[in-house]
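One structure is given below, encoded as C-alpha cells.
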Amino acid sequence: MTVPLIERYRDRLQVPSDAEVVTLYEGSTPLIEAPRLSERIGARILLKFEGLNPTGSFKDRGMTMAVTMAKAEGAEAVICASTGNTAASASAYAARAGLHGVVIVPEGKIAAGKLAQSLMHGAKVISLKGNFDQALEIVRDLTEKHPIALVNSINPHRLEGQKTAAFEICDELDGPPDALSIPVGNGGNVTAYWKGFREYDTSPLLYGFQAEGAAPIVRGERVEKPETVASAIRIGNPARWKEAESAISESGGAIEMVTDRQILDAYRFVASEDGVFCEPSCAASLAGLIEYGLPVADDGKTPETVVCVLTGHGLKDPDTAISEGPEVVTCEADSEVVADAVFGAGS
Ligand code: AN7
C-alpha cells in the first residue's frame, strides 16, 4: 500500500493521532538526473520533479496537512487566493475531505490546466478583476470575518507539509545536496525547504529565483503590477517575504531574477534535451543557474551537486507550451505527402 505523506513523516509533523488524514498519496517524487543540463551548467543537476504529485504540483505536500488540520478542527469550508496551483490542490483535497472549496484567482492569469482542475473538483471558482496580491488581501479579510479555513501558505500547516521535500532529498542522497535552486513567488516553499533542511541538521546553499517583472524580494520593494509569463509566480507582495529572505541569507545563498525569455529558453531546453516537462515558473530555477553560474559558498567552494526544484508539471499550462514549441506540420492523408513531410527536404 502507498503510504500517505503524513504517515511517512508522522514523527516530524504535529498531527493529532485521532485526526482523519486527508490524503491523495502525495510526495515521494523522484530526483531525476539531468545529463544535458548538468553539462551546460557544469555540475551534477538533479531535478526534484514535484510535478508528479497527485494534482501536479508541490502544493499537495502542504495541502494534505492544511486540509487534515482544518477538518480536525471542524471546518466545513476552505478558501485560498491563488495563481492556480494552490487552487487546484485545495480544490482536490477539499473534495477528498468532503469540504466546500472556494478559490479566488486573478482573472485571465491562471494556466488552463489549473482552472480545469479546480472546476472538476467542484470548487467555487471566483475570478477576480485584480491580481494575486489583491486576492490574498481579500481572503485574509474574509477568513477573519467568516467561519472558513484559510489554506494559503500563511497557514503554518502548509509549510510543515512542504518541508518534507527536503527530508526526501536528504534521505535519497544520504545527506544534503551542496545547493538547492528554487523558484520564488510567495516565498513559502523556500522557507519550508530551509525548515526541513535545518531539522535534518543540514544547510545547503539556497539559490532562489524570481521573474524580472515580479521580483519584489530582489528589488527590495513591492511590485504593484507584477507581470511575467511564469503566471504561477506573478506575485508582487510575497506573503512569506521576510522568512524567505532569512532562509536564503542564513544558508549563505542568494536570490536573483531572470527574464521571461531566459525562463522560456530553460523551459524548452529541459523538455527537449532532458525529457522533463515542467511549467514555466519552475524553469526560473534552471534559467538562474544558466545565467548566473553556480553559487559559491562562503568557504569558496563551488557546489558539485545541485537539486533544482521543478515545482509543477508542464501539462498545467498547455497554452504556453504550444506557443513556445516548434511548428505543427499539417498534411493531407496521403502516404507520399506524409513521407515527404517526415523525410523530405526541410524535415
Ligand atoms: C509552480 O498557487 O502562489 O514561493 O497561489 O505554483 O512558495 O509561493 C504558486 C506558487 C513556484 C512559488 N512554482 O512558490 C499559488 C502560488 C509553482 C507555483 C511557486 C508557485 P512559493
Side-chain angles (χ1 to χ4, degrees), residues 32-51 58 177-187 189-190 193-194 204-221 223 226-236 238 244-245 247-249 251-298 300-312 314 317 320-321 323-325:
I32 302 176
E33 296 275 1
R36 309 265 158 49
L37 264 174
S38 299
E39 195 183 314
R40 184 155 177 202
I41 292 167
R44 180 182 180 210
I45 303 294
L46 296 169
L47 308 171
K48 180 68 172 162
F49 193 21
E50 291 287 279
F58 73 100
D178 299 324
L180 184 96
S181 183
I182 185 170
V184 175
N186 271 305
N189 210 24
V190 69
Y193 268 92
W194 186 238
L205 291 173
L206 299 184
Y207 220 35
F209 292 101
Q210 299 197 293
E212 190 181 39
I217 302 179
V218 178
R219 296 181 189 280
E221 61 183 9
V223 176
E227 273 312 335
T228 170
V229 67
S231 61
I233 53 172
R234 185 172 166 271
I235 293 168
E245 257 180 348
I248 290 167
S249 75
S251 80
I255 183 159
E256 307 280 1
M257 58 190 178
V258 284
T259 65
D260 278 4
R261 193 62 259 159
Q262 289 162 349
I263 289 172
L264 290 172
D265 288 347
Y267 162 69
R268 194 162 163 184
F269 185 90
V270 66
S272 63
E273 300 293 321
D274 279 319
V276 178
F277 188 26
C278 63
E279 64 173 287
S281 303
C282 322
S285 74
L286 310 174
L289 294 181
I290 294 169
E291 184 63 17
Y292 292 95
L294 294 162
V296 181
D298 286 342
K301 282 194 193 144
T302 305
E304 286 169 13
T305 302
V306 182
V307 170
C308 293
V309 186
L310 299 187
T311 42
D317 189 355
T320 304
S323 69
E324 277 303 306

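Just so you know, these numbers come straight off a predicted model, no measurement behind them.
- Once rounded to the nearest 0.5 Å, the distance linking CG of Leu46 with CG of Leu310 reads 11.0 Å.
- No more than 12 heavy-atom neighbours from other residues, nucleotides or ligands sit within 6.0 angstrom of CD on Glu39.
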Passes ring pair (Phe, Tyr, Trp, His ring centres under 6.0 Å), Tyr207 versus Phe209? Steps please.
CA-CA 7 Å; Tyr207 220 35; Phe209 292 101; 5.0 Å; yes

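- Formation of a donor-acceptor pair under 3.5 Å by the Ser251 side chain with backbone atoms of Leu206 is found in this model.
- To the nearest 0.5 Å, atoms CH2 (Trp194) and OG (Ser249) are separated by 9.0 Å.
- Note that CD1 of Ile182 is 10.0 Å distant from SG of Cys282, once rounded to the nearest 0.5 Å.
- Residue Gly236 comes nearest to Pro226 through the heavy atom pair N-CG, 3.7 Å, listed as atom of the first residue, atom of the second, then distance.
- To the nearest 0.5 angstrom, Ile255 atom CD1 is 4.5 Å from Ile217 atom CD1.
- Side-chain contact between Val270 and Leu37 is present, with heavy atoms from C-beta onward closer than 4.5 Å.
- With hydrogens and angles ignored, the 3.5 Å screen pairs no side-chain donor or acceptor of Asn186 with any backbone N or O of Pro238.
- Asp317 is listed as a side-chain neighbour of Pro280, based on a closest heavy-atom distance under 4.5 Å.
- Judged by distance alone, the side chain of Ser38 and the main-chain N or O of Ile45 form a donor-acceptor pair under 3.5 Å.
- Taking 4.5 Å as the limit, every side-chain heavy atom of Ile233 sits out of range of all side-chain heavy atoms of Val184.
- A distance of 6.5 Å separates CG in Leu286 from CG in Leu47, rounded to the nearest 0.5 Å.
- Closest heavy-atom contact between Met257 and Tyr292: O-OH, 2.7 Å.
- Using a 4.0 Å cut-off between charged side-chain N and carboxylate O, Glu256 and Arg219 make no salt bridge.
- Side chain of Asp274 to backbone of Arg36: a donor-acceptor contact under 3.5 angstrom is found.
- A salt bridge links Arg234 to Glu227: one of the charged nitrogens lies within less than 4.0 Å of a carboxylate oxygen.
- Going from atom CZ of Phe49 over to atom CZ of Phe58 covers 13.5 Å, rounded to the nearest 0.5 Å.
- When all heavy atoms are compared, the tightest approach of Pro295 to Leu289 is CD-CD2, 4.1 Å.
- At least one donor-acceptor pair under 3.5 Å links the side chain of Gln262 to the backbone N or O of Thr259.
- The two residues Gln210 and Pro216 come nearest to each other via the heavy atoms OE1-N, 3.5 Å.
- Judged by distance alone, the side chain of Asp178 and the main-chain N or O of Glu304 form a donor-acceptor pair under 3.5 Å.
- Taking each heavy atom of Val190 and Ala244 in turn, the nearest pair found is CG1-CB, 3.6 Å.
- Between Ile290 and Arg40, the closest heavy-atom pair is CG2-NH2, 3.7 Å.
- The closest donor-acceptor contact from the side chain of Tyr267 to the backbone of Phe277 lies at 3.5 Å or more, if one exists at all.
- Salt bridge Arg44/Glu33: present, at least one basic N to carboxylate O contact under 4.0 Å.
- Put simply, the side chain of Ile41 does not reach to within 4.5 Å of the side chain of Val306, judged on heavy atoms.
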